[in-house]
**Student:** 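Can you keep this structure in mind? I'll have questions shortly.
Computation of the quantities below employed the complete heavy-atom set of this structure, encompassing side-chain atoms and omitting hydrogens, waters and symmetry-equivalent molecules.
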Amino acid sequence: MRILVVEDDPVLADGLKVGLALAGMTVDGVANCVDARAALAASEFDAVVLDLMLPDGSGLDVLRALRAGGDRTPVLLLTALDELPDRIKGLDTGADDYLGKPFDLDELGARVRAIVRRGNGRAAPCLVTGGIMLDPATMTVTLHGEPVSLSRREFAVLAALMERPGTIRSKGEIEDRLYGWQEEVESNAVEVHVHNLRNKVGRETIETVRGIGYKMRAVP
């Protein structure tokens with residue numbers, strides 16, 4: 001999943017990027033309201049981790065604008081303003097969750113996974129298609145109960161496809177899940193990862209829709 005972190009403290013921002021990346025997420029970061037609005041207008045994210053106290057305004061203003069425009073991207077507020085009235089105001093403004101500083105990175109990762117899961121209308125923590133089960137929390141995959149060894153990016157491609165079985169995901173959509181702004185996109189990376197996945201979880205599980213993209217075969 002691709003996450004936008006809006007945090008002006010460079011040390012904390014770097015820690016968030018590293019911690020969430022270790023949890024299997026692709027993370028982009030900005031440090032103020034203006035850049036946050038621009039990023040959200042230009043790209044799609046699975047979730048936003050949003051600080052409230054930013055140098056050019058309040059994160060709540062970013063959140064209000066997001067919701068006023070009908071954008072349903074899950075938002076977790078991460079802030080030192082952790083009194084009950086602050087939490088109530090943030091949630092009533094449109095946040096999906098609220099976490100006060102200081103915090104535990106593992107808890108943050110779990111909360112991000114939870115709001116993304118709810119945003120996708122899914123209750124179960126694991127993705128299951130046919131005999132394949134993918135656990136975003138542990139970054140593990142099994143095929144008919146047997147563990148399957150995947151690279152981080154193979155895991156990300158499989159997760160993107162399993163989130164919406166039967167739905168075509170374009171090459172560009174999948175690339176967005178694999179690479180942040182600062183990373184160079186390899187021209188044939190998606191094709192290579194799909195090829196490797198077919199060898200590991202079954203060639204019939206991932207269909208190529210010529211000229212459009214890929215989709216996971218929708219199997220109960």
**Student:** Is a side-chain donor or acceptor of E7 paired with a backbone partner of D9 at a separation under 3.5 angstrom?
**Tutor:**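 Looks like yes, one N/O pair under 3.5 Å.
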**Student:** Measure from the side-chain N and O atoms of D46 to the backbone N and O of R2, and report whether any donor-acceptor pair falls under 3.5 Å.
**Tutor:**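 A pair under 3.5 Å: yes.
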**Student:** Is there a donor-acceptor contact under 3.5 Å from the side chain of R67 to the main chain of G94?
**Tutor:**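 Here the side-chain-to-backbone pair exists.
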**Student:** Please check if any side-chain donor atom of S58 sits under 3.5 Å from a side-chain acceptor atom of D61, or the reverse.
**Tutor:**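 Judged by distance alone, the side chains do not pair up.
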**Student:** How about CD on E204, more than 12 heavy atoms from neighbouring residues, nucleotides or ligands closer than 6.0 Å, or not?
**Tutor:** yes
**Student:** Does D96 use its side chain to pair, donor to acceptor, with the backbone of V75 at less than 3.5 Å?
**Tutor:** yes
**Student:** Do T26 side-chain atoms and R177 backbone N/O form a donor-acceptor pair below 3.5 Å?
**Tutor:** yes
**Student:** Hey, mind stepping through D82 and K101 against salt bridge (Lys or Arg N to Asp or Glu O under 4.0 Å) and telling me if it holds?
**Tutor:** CA-CA 8 Å; D82 194 30; K101 299 176 183 178; over 6 Å; no
**Student:** Between T129 (side chain only) and I132 (backbone N and O only), is there a donor and an acceptor less than 3.5 Å apart?
**Tutor:**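 No; zero donor-acceptor contacts below 3.5 Å.
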**Student:** Can you find a heavy atom in the side chain of L150 that is under 4.5 Å from one in the side chain of M139?
**Tutor:**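 No, side chains not in contact.
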**Student:** Step by step, would you call R169 with Y214 a side-chain contact (heavy atoms from CB on, under 4.5 Å)?
**Tutor:** CA-CA 5 Å; R169 304 299 295 262; Y214 303 92; 5.7 Å; no
**Student:** Consider only side-chain heavy atoms of I, L, V, M, F, W and Y, link residues closer than 4.5 Å, and tell whether I115 and L63 are in one cluster.
**Tutor:** no
**Student:** Donor-acceptor check, side chain of N32 to backbone of D35, threshold 3.5 angstrom: yes or no?
**Tutor:** yes
**Student:** Check whether any side-chain N or O of R153 sits under 3.5 Å from a backbone N or O of H193 as a donor-acceptor pair, and report yes or no.
**Tutor:** no
**Student:** Is there a path of hydrophobic side-chain contacts, each under 4.5 Å between heavy atoms, that joins L76 and M25?
**Tutor:**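 Yes, same cluster.
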